[in-house]
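Scope of the values below: all heavy atoms of this structure, side chains included, with no hydrogens, waters or symmetry mates. Throughout, a chain's letter reflects where its sequence line sits, starting with A, and its residues are numbered from 1.
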Amino acid sequence: MKFLDIVRSAIQNSFRNKLRTGLTVIAIFIGAFTLTITSGIGTGVTAYINGQVSAIGAADVLTITKAADATATASDGPAAYDPSKSTTVSLGNGSRPGSTIQALTAADLAKIKATAGILSVDPAVRVSPDYVEYADNGKFELTVSQTGTITTADLAAGTQLDNSSSSDQLLLPTTYLKNLGYANAQAAVGTPVSIGITDYTGTQQTVTATVVGVQNETLLGSGAALNRSLVAHLHTVAITGEPAGVSAGYATAVAHFDASATKAEISTIKADLSAQGYSSQTVADTIGAFETVINVIIGVLNAFAVIALIAAGFGIVNTLLMSVQERTREIGLMKAMGMNGGRVYALFSMEAVFIGFLGSALGVVAAIGVGSLISNLLANGIFSALPGLQVVQFAPASIAIIVGVVMLIAFLAGTLPARAAARQNPIDALRYE
Amino acid sequence: MSVPVLSAQVIGKSYGSGANRFDALKGVSLDIQAGESVAIVGKSGSGKSTLMHLLALLDDPDSGVLLVEGTDAKKLKAKELNRLRNQDFGFVFQQFFLTANATVLENVVLPLTIAGVGAKERKARGMAALEQLELADKAKNKAKNLSGGQKQRAVIARALVNNPKVIFADEPTGNLDSATGTVVEDILFKLNKENGITLIIVTHDTELAARCDRQIFIRDGLEETADSPTGTHKRGGAHS
């Protein structure tokens with residue numbers, strides 16, 4: 001029997017008992033549908049995160065903090081006082097409430113600078129402006145994005161910050177536009193805004209800066225991004241009236257390394273820093289943490305889908321065993337007419353594979369339809385604040401893998417009935433009375 | 001004397017073991033020459049079907065030797081056995097064994113499909129066989145929609161489609177009324193006379209057996225030594 005004839009008869013045979021085949025196909029359909037949706041979510045979210053990471057740029061930047069003091073664990077009680085150690089600083093908003101870390105001193109910065117692979121290091125100056133105001137439209141609180149200065153923004157309008165410029169520039173998040181009194185993103189570009197900041201003595205002063213662009217919201221938060229000049233300007237204002245001798249301590253420092261560094265080289269730098277007592281993170285590391293959580297969730301969902309498919313596999317075993325029983329005589333006849341066991345085996349295996357293919361193809365097609373619909377609804381609904389997030393996306397490769405895996409499961413499920421069929425004795429099958 | 005198509009030498013077959021052991025065939029010898037028509041006659045349970053299965057190489061004898069055109073069947077490889085059954089043998093069964101939902105043509109070309117013959121040639125040869133049995137107009141009908149006589153003709157067409165040397169017919173008229181049965185018998189004997197196909201018919205119908213060149217009577221797993229079919233006929237009819 002030719003391969004094509006085997007395929008053709010297998011397909012015909014599987015439609016002989018339409019109800020039974022249909023029910024088995026539904027079982028596989030459910031598993032394939034679930035698997036496609038969950039993998040679609042994985043693809044969508046990963047694509048979004050990767051897009052964010054590449055849009056943010058700053059691949060050559062490490063954010064460095066002093067590693068937590070290993071000896072100061074709760075069970076050991078407080079660590080012995082070390083006068084050379086700097087004071088702790090609060091990390092401010094965005095971090096765990098009440099959490100503090102050791103501040104980085106000038107000595108620390110020098111040590112970081114000396115580490116192999118580090119090109120430059122700058123203390124991250126943290127400024128806390130009170131408000132932002134545009135053209136007497138009222139004062140609004142201004143949150144500053146800590147990473148905004150060094151990263152590349154996903155722009156809705158305007159241009160990126162110019163850190164080498166001596167003019168004071170900032171990027172506003174899209175969410176600020178309405179309150180500040182702009183008609184749209186384009187209208188904000190190039191306008192001056194006044195930023196209020198309180199100095200060391202408690203006097204409020206005003207700094208004027210130009211809006212060079214408007215950025216979409218990202219996973220990294222929705223603060224305004226300030227260029228280096230503006231940060232320095234605001235910092236100068238903030239420390240006005242500070243008594244001499246107040247030691248400068250920084251929560252974090254930003255180090256640059258060679259932008260063409262490989263992953264291994266970055267790991268080496270991080271290991272070196274870690275050995276010296278500093279913890280460091282690239283932007284990709286920060287965003288990668290989101291991805292890990294999402295991957296775990298998707299992994300669990302996939303596991304459930306695979307369990308559903310295994311259950312469906314037993315459905316195939318059942319369907320085909322009944323089919324073998326019903327077709328005892330037909331099998332006997334074919335064997336009597338010189339069909340060898342291998343071909344009989346292939347015929348029933350092919351039938352199982354076809355049922356698997358049918359269920360998975362239908363499941364995948366339905367999942368793509370439903371997934372795209374839901375994804376569009378969500379993108380315009382609850383995820384409208386995250387432009388570019390298509391929560392369910394389908395990669396052709398992963399869909400092909402799903403169909404392939406389902407067909408493999410179906411093939412394995414078919415082995416038992418196919419063996420039973422191949423072993424049929426023509427005499428037993430043809431005996432009557 | 002030419003080499004017989006099939007030659008059985010004291011073949012025996014038993015089923016089960018121990019207390020359940022049942023000797024279906026206790027040692028039968030026979031030679032079948034090419035072009036002969038042979039009837040294997042016996043009551044149900046006599047072992048006649050077992051004998052046919054052994055001759056058709058569907059089963060292996062426990063004892064004795066079976067020669068196919070002079071070759072020991074035991075020495076044939078599985079592949080060779082399948083080829084032999086596929087191309088040299090045709091089967092006609094009392095119960096037809098047609099696939100109900102497939103078309104008549106699909107049923108008839110099954111041996112060709114198994115042999116791996118291409119679709120076009122399959123159709124041509126299948127239609128030729130159907131025309132020979134005057135069933136060409138039913139080629140596209142589902143097998144289940146045929147009458148009993150048409151079904152048996154379709155089965156004969158299926159047995160013929162590979163141009164076999166031997167046709168094994170197991171109670172070919174058992175499920176048919178006598179008029180239709182006679183038509184089917186005529187077809188089979190015509191094939192035997194005109195195409196030289198060796199005919200081996202298993203039956204308990206003595207009239208059908210009498211139309212064959214030779215009769216082999218099987219009783220309790222052994223061949224009954226009878227000089228003529230009429231002698232056995234008398235013995236068999238003594239009680240009735």
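Looking at B:Tyr15, the atoms closer than 4.5 Å to chain A (heavy atoms on both sides) all sit in the side chain, from C-beta outward. Looking at B:Thr99, the atoms closer than 4.5 Å to chain A (heavy atoms on both sides) all sit in the side chain, from C-beta outward. Interface remark: B:Phe91 contributes side-chain atoms only to the contact with chain A (heavy atom separation under 4.5 Å). Contact annotation for B:Gln87: neither backbone nor side-chain heavy atoms come within less than 4.5 Å of a heavy atom of chain A.
Heavy-atom pairs under 4.5 Å with chain A were tallied for B:Lys79, B:His53, B:Glu106; the largest tally goes to B:His53.
Within residues 396-427 of chain A, the residues having any heavy atom under 4.5 Å from a heavy atom of chain B are, by residue number, A:Asn425, A:Pro426, A:Ile427. Residues from residues 332-346 of chain A that place a non-hydrogen atom less than 4.5 Å from a non-hydrogen atom of chain B comprise A:Leu333, A:Met334, A:Lys335, A:Ala336, A:Met337, A:Gly338, A:Met339, A:Asn340, given in numerical order.
Under a cut-off of 6.0 angstrom, the local environment of NZ in B:Lys142 is sparse, with at most 12 non-hydrogen atoms contributed by other residues, nucleotides or ligands. Dense packing is recorded around CD of B:Glu80, with more than 12 heavy atoms of other residues, nucleotides or ligands lying under 6.0 Å away. At most 12 heavy atoms of other shown residues, nucleotides or ligands fall within 6.0 angstrom of atom NZ in B:Lys77. Heavy-atom contacts from other residues, nucleotides or ligands closer than 6.0 Å to NZ of B:Lys165 number 12 or fewer.
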